Amino acid sequence: MTRSVAVSIEPTVELTLALRVSADSEHAATIAARLLESFEDTVGVTLTARTVQTGQFVELAGRRRSSDSAPPLRIEPGSRRVLSRGEVLEFTRLEFDLLLFLSRNPDRVFDRLTLMARVWGLSGGNGRTVDVHVRKIRGKLEPVLTPITTVRGVGYRFDGEAQVLIAD
């Protein structure tokens with residue numbers, strides 16, 4: 001009797017990353033740690049080993065994260081970028097600010113005038129401007145995810161907290 005066994009093995013990629021940081025030894029370790037965290041998030045790997053030699057270099061061993069473990073949407077406030085499954089999406093300034101504000105305040109309902117005041121610093125005006133920007137944001141994010149919910153007669157709520165990583 002012969003048995004066949006299917007084995008799934010992810011290809012292993014070995015990566016060595018060298019960082020030279022010009023700072024005193026106390027701050028160099030902190031800078032290296034932050035760079036490594038940013039590297040993990042950006043490249044989508046989970047580091048399995050780290051070797052830090054103060055003032056010299058940092059060696060890493062890692063494996064690629066499964067696509068299920070990374071949120072489908074990544075917001076980078078510093079560079080004002082939005083990535084959907086690693087692909088950069090183009091957002092206007094107003095769309096980006098609205099998406100970032102809502103994603104930082106999940107599960108709270110905001111009416112249109114409050115959003116205009118708190119996100120864009122506008123007082124008064126037509127709340128329909130918010131509707132237009134929400135529609136444009138949804139158009140760029142769908143069908144991957146639909147994190148902004150309309151609360152009829154009130155305003156909008158961000159329901160996609162688990163689907164978004166804000167990389168501050």
Side-chain angles (χ1 to χ4, degrees), residues 8-13 15 17 19 30-50 58 60-168:
S8 174
I9 300 174
E10 283 187 30
T12 302
V13 176
L15 173 67
L17 176 66
L19 299 173
T30 303
I31 292 168
R34 287 186 179 168
L35 286 169
L36 294 175
E37 289 172 10
S38 187
F39 177 79
E40 284 180 313
D41 290 340
T42 302
V43 176
V45 297
T46 300
L47 298 177
T48 56
R50 295 181 184 193
V58 178
L60 311 174
R63 66 179 187 281
R64 181 151 305 272
R65 290 185 193 137
S66 69
S67 59
D68 296 336
S69 66
L73 189 67
R74 177 184 172 89
I75 302 173
E76 299 176 348
S79 62
R80 297 187 65 84
R81 290 194 314 173
V82 177
L83 292 91
S84 176
R85 300 192 192 263
E87 185 176 324
V88 177
L89 302 176
E90 295 296 323
F91 280 80
T92 66
R93 180 182 63 85
L94 297 178
E95 292 166 355
F96 181 88
D97 292 343
L98 181 58
L99 177 63
L100 182 61
F101 177 82
L102 288 170
S103 64
R104 283 188 168 158
N105 295 282
D107 301 321
R108 291 190 54 203
V109 178
F110 293 95
D111 64 66
R112 291 163 181 84
L113 295 179
T114 300
L115 287 170
M116 289 178 67
R118 292 193 52 196
V119 177
W120 302 320
L122 301 173
S123 58
N126 183 352
R128 295 297 173 202
T129 301
V130 175
D131 297 345
V132 170
H133 286 88
V134 167
R135 186 177 70 245
K136 288 181 178 182
I137 291 169
R138 285 176 174 158
K140 292 174 183 184
L141 298 179
E142 292 174 351
V144 174
L145 75 150
T146 54
I148 301 173
T149 302
T150 302
V151 179
R152 292 191 67 139
V154 183
Y156 296 99
R157 177 181 63 231
F158 191 84
D159 289 330
E161 181 179 17
Q163 301 172 334
V164 176
L165 170 67
I166 301 174
D168 282 317

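All figures in this text were calculated on a predicted structure; none of them were measured in a lab. No hydrogens, no waters, no symmetry mates; every other heavy atom, side chains included, goes into these values.
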(message) To check you understand the geometry: which heavy-atom pair defines the closest contact between Ala162 and Pro71, and what is its length?
(response) O-CB, 4.2 Å
(request) Could you note down all residue pairs passing ring pair (Phe, Tyr, Trp, His ring centres under 6.0 Å) where residues 80-102 supplies at least one of them, sequence neighbours left out? (result) Phe101-Phe110
(request) Supply the atom-to-atom distance Ile166 CD1 to Arg74 CZ, rounded to the nearest 0.5 angstrom. (result) 11.0 Å
Show which side-chain atoms of residues 137-146 pair as donor or acceptor with protein atoms under 3.5 Å away, not counting sequence neighbours.
from	atom 1	to	atom 2	distance (Å)
Arg138	NE	Ile148	O	3.3
Arg138	NH1	Thr150	OG1	3.4
Arg138	NH2	Ile148	O	2.9
Arg138	NH2	Thr150	OG1	2.8
Lys140	NZ	Glu90	O	2.7
Lys140	NZ	Glu95	OE1	2.5

(request) List in chain and number order the residues that pass side-chain hydrogen bond (donor to acceptor under 3.5 Å, both in side chains) with Asn105, two or more places apart in sequence or in another chain; answer none if no residue qualifies. (result) none
(request) Can you sort out the partners of Thr149 under side-chain hydrogen bond (donor to acceptor under 3.5 Å, both in side chains), two or more places apart, ordered by chain and number? (result) Asp159
(message) Which residues pass the ring-ring contact (aromatic ring centres under 6.0 Å, His included) test with Tyr156, not counting sequence neighbours?
(response) none
(request) Sequence neighbours left out, what passes salt bridge (charged side-chain N to carboxylate O under 4.0 Å, His left out) with Asp168? Give chain and number order. (result) Arg104
Which donor-acceptor pairs under 3.5 Å do the side chains of residues 113-123 make with protein atoms, sequence neighbours left out?
from	atom 1	to	atom 2	distance (Å)
Thr114	OG1	Asp111	OD1	3.0
Thr114	OG1	Asp111	OD2	3.0
Trp120	NE1	Leu94	O	3.2

(request) Could you pull out all residues at least two apart from Arg128 that satisfy salt bridge (charged side-chain N to carboxylate O under 4.0 Å, His left out)? (result) Asp131
(request) Heavy atoms only: give me the nearest Arg112-Val154 pair and the separation to one decimal. (result) NH1-O, 3.9 Å
(request) State which residue, out of Leu73, Val88, Ile75, fulfils the side chain to side chain contact (heavy atoms under 4.5 Å, CB included) condition with Leu83. (result) Val88
(request) With sequence neighbours left out, write down each residue that passes salt bridge (charged side-chain N to carboxylate O under 4.0 Å, His left out) with Arg93, or none if nothing qualifies. (result) Asp97
